[in-house]
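Notes to accompany the following structure.
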Amino acid sequence: MGELGQPFPGWLEGVVKQFSNLSSEQQTVTLNQLISCCGSEQLWHLQQKLPDFLYRDFVSLLPPELTEKILSYLPPSSLLSCCRVSRLWRDRVSSMQQLWLVQARRVGCNTSMLDRQEAVFGSPDWKVSCVEALKLRNLLDCGRAWSQEGLVNLVRPPGRFSALNHHRGHIAGGTADSSPHPQQEENSESVVIWSVQDSRVTVSFPVSGSVSCIKLHYPSMVVCGHFDGTLSSHCVSGEERGQPPGSLRHKFRLHTAPVLSLDLDICEDLLVSGSADCSTKLWELSSGQLLRTISNQSHWVLSVILCPLTRHQVPRFRGRHLLLTMTRDDIQLWTWVDPLSPASPHLTQPDLYIPLKSVTEAIQSFFFTPGLHFDGSRISFIRQMPMFDTQTIGDADIVILDANTGKVVHNVHVNQKIRKLLAIGSRYAVLLLPYVDNKYKNLAVVDLVRREIVGGATVPHSRASTPDFSQVSLGDKRWLDGLSGEVTTGLVACLALADSSIQIVTWDSREQEEPVRCTSPGKHGLFVTGSSW
């Protein structure tokens, strides 16, 4: 019963109505008075009910579109914490595939590759892909993504590997400075082909001179450039022509100084070589015939890249083959159409010229840094200012140009000294930095979107055999377009060392197989161990 015998429901309705008519300040004073009159049972009830009013579960109450918009501002690690709040949150958040697609791109997952696989394997689970990429990023950051091994006793000292190249899971190494075998007066140098998967030598055979650069096309052939100015092509498997492995196919003799770089395309039957005689030569690979010489270049030709018309997407040069050359002074792009011969009018002038040094004396000159790359549409290289007063701090830029216009489309500053741009993709680049100590990651991975070094490993110092570091080679480069379990396997890089060994860096599959661990800092949330995202 209420006041003066009034029934309680009627009395309560009147009190609520009068309370609603009060001002905000009066309502607060009234609540304070009521709370002071409550007993322990009422206070306990109040404590249990207040969270339901103050902390609303927006995931269950809001429309899915608004929930997804709110969650899109969280980093991936926080989203994973949200999935552990309750079963409802886990189901709702995990089902937001568009949200996880955006997050997968943010952490560096190759979403375009997974989209292409949709017709074969079905629509990808973007949450799984995001978690996988996030874990790989954390492993890269803490230096646990890769493992290392030294390959020894592949060549007799004082011989050393002066050139390395990787293709289809195999490493080809060419030697220099080898002493003749007691029973062998000539051909003291050799080529060794190592299987990364089987961890064994596949083929080993002698070559005519010290190897300055090498290109492997497994299992058909390997081409060597030599310090005496010649090139030689050799069989690898010996199955095509019925010849034993290592048999000499052709000898290319017309350079008058060491061959510093080479590239080839078997389908187009072309071989291109750059030399310290300041010339670039194009050869017919199958016959050894010289097709054309580009002479009188500004300095030693340190790097060459051959790109047939079917492998590039440059509208300006559609239907034409491309050739890029790099000296310490410039990068030049040359084009031609078939047929190519010594009398053809092509390759007289470069179609694109990129200077690597400043054009005025008022501006400090750039310091030449090796590493020329072409992905079919964009040219990438390093511009670095000379800094001799520090051991590691530098002033360098990864420059990416559009081959169609010649204009810079992307520029990433790196405040480290760079020895070489080893490789670059659409998302990541790999740099070789100076060796300092076992704590400084001198094989560094750069995130081109976040514009920062995101991890790497410490590798031993590798002395340069040529100005373009022919003694260092990268493995499978697909992961540079984005991380996923399918491309983060096998060889990462290999380096020839002064002690005649080869240091190989591979993806550590054991670390990738460990599940992502989540720990709780308290009742207010969860976070992924080691995650900075």
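Hydrogens, waters and symmetry mates play no part in the numbers below; they use all other heavy atoms, side chains included.
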Notebook entry, point to check: Is there a donor-acceptor pair closer than 3.5 Å between any side-chain N or O of Arg451 and the backbone N or O of Asn411?
Noted result: yes
Value for CZ (Arg311) from CG (Asp375), rounded to nearest 0.5 Å, stands at 11.5 Å
Taking every heavy atom of Cys83 against every heavy atom of Val93, the minimum-distance pair comes out as SG-CG1, 3.8 Å
Beyond-backbone contact of Val487 with Asn110, side-chain heavy atoms, under 4.5 angstrom:
no
The ring-ring contact (aromatic ring centres under 6.0 Å, His included) partners of Trp479 (sequence neighbours excluded) come to Trp507
One thing to verify: whether Asp447 and Arg427 come together as a salt bridge, which I'm taking to mean a side-chain N less than 4.0 angstrom from a carboxylate O.
yes
Item to check | Side chains of Leu356 and Asp329 in contact at under 4.5 Å (non-hydrogen atoms) | outcome: no
Report task. Evaluate the criterion side-chain contact (heavy atoms from CB on, under 4.5 Å) for residue pair Asp263 and Leu323; output intermediate values, then yes/no. Result -> CA-CA 10 Å; Asp263 198 5; Leu323 169 64; over 6 Å; no
**Study point:** Test item: Ser129 side-chain N/O and Asp125 main-chain N/O as donor-acceptor pair under 3.5 Å
**Key:** yes
Scanning both residues in full, the closest heavy-atom pair of Ser473 with Asn165 reads OG-CA, 3.5 Å
Residues Leu432 and Val459: closest non-hydrogen pair is CD1-CG2, 4.4 Å
Do the side chains of Gln103 and Lys127 get nearer than 4.5 Å, heavy atoms only? no
For His373, the ring-ring contact (aromatic ring centres under 6.0 Å, His included) test, sequence neighbours excluded, returns none
Whether the side chain of Ser72 engages the backbone of Lys69 through a donor-acceptor N/O pair (distance < 3.5 Å, no angle test) should be reported. yes
- Query: Below 4.0 angstrom, N of the basic side chain to O of the carboxylate: do Arg320 and Asp351 qualify?
  - Reply: no
Heavy atoms of Phe368 and Met326 approach each other most closely as CE1-CE, 3.7 Å
Between the CG atom in Leu302 and the OG1 atom in Thr327, the distance rounded to the nearest 0.5 Å is 6.5 Å
For residues 460-481, the salt bridge (charged side-chain N to carboxylate O under 4.0 Å, His left out) pairs (sequence neighbours left out) are Lys420-Asp468, Asp476-Arg478
ring-ring contact (aromatic ring centres under 6.0 Å, His included) filter on His217, not counting sequence neighbours, yields His167
Between Arg92 and Val59, is there a donor-acceptor pair closer than 3.5 Å when you use the side chain of the first and the backbone of the second? yes
- prompt: Side chains of Leu306 and Val304: does their closest heavy-atom pair fall under 4.5 Å?
  reply: no
Sequence neighbours excluded, the answer for side-chain hydrogen bond (donor to acceptor under 3.5 Å, both in side chains) partners of His321 is Asp338
query: How far apart are the C-alpha atoms of Leu140 and Leu136, what are their side-chain angles, what is the distance that settles it, and do they pass the side-chain contact (heavy atoms from CB on, under 4.5 Å) test?
result: CA-CA 6 Å; Leu140 276 173; Leu136 288 168; 5.6 Å; no
Here the pair of heavy atoms bringing Asp437 nearest to Thr458 is O-CG2, 3.4 Å
Taking the side chain as everything from C-beta on, heavy atoms only, tell me whether Arg137 gets closer than 4.5 Å to Val454.
yes
Between the CG atom in Leu216 and the CD1 atom in Ile193, the distance rounded to the nearest 0.5 Å is 5.0 Å
Exercise. Is it true that atom CD of Gln48 has more than 12 heavy atoms of other residues, nucleotides or ligands lying nearer than 6.0 Å?
Worked result: yes
**Asked** Donor-acceptor pair, Gln471 side chain versus Ala496 backbone, under 3.5 Å?
**Response** no
Check: Checking side-chain contact (heavy atoms from CB on, under 4.5 Å) for the pair Glu68/Glu65: CA distance, chi angles, key distance, verdict?
Finding: CA-CA 5 Å; Glu68 186 170 330; Glu65 296 81 4; 5.9 Å; no
Exercise. Can any side-chain N or O of Gln27 pair as donor or acceptor with the backbone N or O of Phe19 at less than 3.5 Å?
Worked result: yes
Between the CG atom in Leu443 and the CD atom in Gln148, the distance rounded to the nearest 0.5 Å is 8.0 Å
**OP:** Begin from the C-alpha positions of Leu401 and Leu352 and carry the test side-chain contact (heavy atoms from CB on, under 4.5 Å) through to its verdict.
**Re:** CA-CA 11 Å; Leu401 275 74; Leu352 182 64; 5.7 Å; no
Any donor-acceptor pair under 3.5 Å from Ser462 side chain to Pro460 backbone: no
>> Using side-chain heavy atoms (C-beta onward) and a distance below 4.5 Å, is Leu80 in contact with Leu134?
In response: yes
CD1 (Ile502) and CD1 (Ile171) are apart, to the nearest 0.5 Å, by 6.0 Å
*Look at the side chain of Glu452 and the backbone N and O of Val449, then say whether any donor-acceptor pair between them is shorter than 3.5 Å.*
no
| query | Does CD in Glu13 sit with more than 12 non-hydrogen atoms of other residues, nucleotides or ligands closer than 6.0 Å? | reply | no
Residues at least two apart in sequence or cross-chain that pass ring-ring contact (aromatic ring centres under 6.0 Å, His included) with Phe374, listed by chain then number, are none
Residues Gly39 and Gln42: closest non-hydrogen pair is N-OE1, 3.0 Å
Here the gap from Ile393 atom CD1 to Asp395 atom CG, rounded to the nearest 0.5 Å, amounts to 11.0 Å
Would you check if Trp146 and Leu139 make a side-chain contact, meaning some heavy-atom pair closer than 4.5 Å? no
Check: Hey, mind stepping through Ser501 and Asp499 against side-chain hydrogen bond (donor to acceptor under 3.5 Å, both in side chains) and telling me if it holds?
Finding: CA-CA 6 Å; Ser501 66; Asp499 62 359; 2.5 Å; yes
| Residue pair Val29 / Gln26, side-chain heavy-atom distance below 4.5 Å | no
